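Following: one structure in structure tokens, then a few remarks.
What you see below is based on every heavy atom in this structure, not just the backbone, and it leaves out hydrogens, waters and symmetry mates. Residue numbers begin at 1 in each chain, while the letters A, B, ... track the order of the sequences. These figures come from a predicted structure and were not determined experimentally.
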Amino acid sequence: MATTDRGFTTAAFYKFLDEHKLMGSRCRSCGRLYLPPRPLCPECHSEEMEWAEMSGRGRLLAFTAVYVAPTAMLAAGYGRENPYCVGLVRLEEGPAISAQILGLDPKRPEEIEIGIPLRVAFLERGEGEARRIYLAFQPA
Amino acid sequence: MKSRAKAKTKARRGLGRGVALVGAGMSKFGSFPEKAGRDLFFEAFQELRASVDKGLDPEAIEALYLGNYSSDLFEGQGHTAPIIADWLGLTPRSATRIEDACASSGVALRQGVIAIASGLYDVVLVGGVEKMTALPTERVTDVLATGGDALFEIPAGFTFPGFYAAMATAYIHRYGAPLEALMRVGIKNHEHGALNEKAQFNLTIRQIMENKLAKAKAQGRPLPSWADELEFLRDDSANPVIAWPLRLFDCSPISDGAAALLLVAEERAKEFTDEPVYIIGSGQASDGALHSRSELTSIRAAKLAAQEAYAMAGVGPQEIKLAEVHDCFTIAEIIATEDLGFFPPGEGWKAAMEGLTSLRGPKPINPSGGLKAKGHPVGASGAAQVVELWKQLRGQAGPRQVRGEPDLGLAHNVGGTGQTCVVHIFRRG
């Protein structure tokens, strides 16, 4: 299916991630950019949207190192002995998104600095049928 | 980034008619393997019934609005409102469950207020219940995380403590707050909880520390060398990290509990009591996922809900004598005291450090012990906040009574990371 034919759905967003593309949507009416992509512009309520590929470059807005993990992350091998970082990343194009942050030391969280430059990473996680690409970032 | 809020903040609005609180009760909060949700709610209702000065004939109740987050996942029981109504002998009256995550019963209260103000009912039972402890911690973590965005936040690996931990890093980065400020909130709320027999932890952190020392001594284990609560709270083994920088004692516990409130039309209040508490302000707002917000160091929905409630009540933050705020995590209380206008942005942590928010300080916050020490059965917390205000405004809070006969109290109840916030203001009758 051609890029432009895809609806602005969550499934389409994750399909793009499989293709190692970080895609948002832009409102053709007011020009605002959304990540995750939306089918309706919450600012001007226009439904005229278009896909917009993001550079994948951004900065760390806020983060945590998770020591008590949910079951999906426990299954992926994380937990108290193997904590992970997750954070909010502001893309250079403007929108911000939640993602796992790789390449930082979750056991030394006090050394992690807000504002550090990051670049997108496409992380394979899960087993068997559940295996898929997740959005992540790492230090640029 | 989002300017919609301005357009939607309407001029002052009022209720169609006045609404009074004439009874309130709560179960003990804690971990009760032998009690189901309905048993907990019955316990709250029993205390409510006893609290109605001139007595309550349950026949007078016309409708039930029940806050409950996830009995489906916690207890394997959906459709909870009619079950509770039946348990209390209230069928065939309308029974409605309200789900707005941890703000469920604050929103149920608002729905009860709206129902009475509209003229539809005169006497309404409002409450909340949650039975959380039947699941193991990792499953509770999963259930709580569903209060976030299951498609974009949870796959990133966010947990509920994780969301507030991220807000804490943003707050600390912006305002330079030390971690001690978070610890001070926990110490203060445990001190309040120690005075509340309904609290899950009616122990101060110092008492908990001393109990651990005594236990180590009795078992002949090497004694830890904590000089005070702060050293105890900084010790990874005593106070493990949950989601950095939040540790165990920064997080509200997993709890079972229920709370119930009796609302009546103002003109009928005197049938129930000569000392009603009036609900003079109500506000509610919504928001998107954390990553969609322009600011992480405040909760927009809380600020908007507070504005609406203050405007309706015709009072400002400085006139509020005490508040029960949604301290699901210690950072949340600091942010709440700023969002409600008690302290300027970036100053809430200083107020916590200086003791301004303690029971004997100028602005007592969470005299009940808050979610932190009293416990946080999520769907019951909003209503339980109001149980505390009912007692405080009527001078019935015993050892934790706020001094000076407080006349105005506020309840601030947040769902999720602030996708829902509801604020109510109460005046002593």
request  = Return the option, out of P83(A), A72(A), G87(A), with the maximum number of heavy-atom pairs under 4.5 Å with chain B.
outcome  = G87(A)
query = chain B heavy atoms under 4.5 Å from E113(A): which part of the residue, side chain, backbone, both or neither?
reply = neither
query = Mind checking whether Y14(A) and F152(B) have parallel, tilted or perpendicular rings, split at 30° and 60°?
reply = parallel
L296(B) portion near chain A, given a 4.5 angstrom heavy-atom threshold = side chain
request  = Can you tell which part of A69(A) gets under 4.5 Å to a heavy atom of chain B, answering side chain, backbone, both or neither?
outcome  = backbone
request  = Answer with side chain, backbone, both or neither: which region of L61(A) has an atom nearer than 4.5 Å to a non-hydrogen atom of chain B?
outcome  = both
inquiry  = Taking every non-hydrogen pair under 4.5 Å, which of P109(A), G115(A), A99(A), P70(A) racks up the most with chain B?
reply    = P109(A)
query = Atom CG in D149(B), atom OG in S98(A): separation rounded to 0.5 Å?
reply = 8.0 Å
request  = To the nearest 0.5 Å, tell me how far M73(A) CE sits from F158(B) CZ.
outcome  = 11.0 Å
remark   = Bottom line for T169(B): the part with an atom under 4.5 Å from chain A's heavy atoms is both
ask   = With a 4.5 angstrom heavy-atom cut-off, which part of Y134(A) approaches chain B: side chain, backbone, both or neither?
value = side chain
request  = Assess whether side chain to side chain contact (heavy atoms under 4.5 Å, CB included) is satisfied between V241(B) and K107(A), documenting all intermediate values.
outcome  = CA-CA 10 Å; V241(B) 173; K107(A) 292 187 175 173; over 6 Å; no
request  = Considering non-hydrogen atoms only, spot the tightest contact between T159(B) and V68(A) and give its length.
outcome  = CG2-O, 3.7 Å
note = For G157(B) and V86(A) the tightest heavy-atom approach is O-CG1, 4.1 Å
query = Tell me, side chain or backbone of A145(B) under 4.5 Å from chain A's heavy atoms, or both, or neither?
reply = neither
task = Side chain from CB out, backbone as N, CA, C, O: work out which of these in Y78(A) comes under 4.5 Å of a heavy atom of chain B, or both, or neither.
result = neither
task = Look at L88(A), V66(A), I114(A), L35(A) and state which one has the largest set of heavy-atom pairs under 4.5 Å with chain B.
result = I114(A)
key: Nearest heavy atoms of R293(B) and R90(A), plus distance in Å   = O-NH2, 3.8 Å
ask   = So, T64(A) side chain and A165(B) main chain: donor-acceptor pair closer than 3.5 Å or not?
value = no
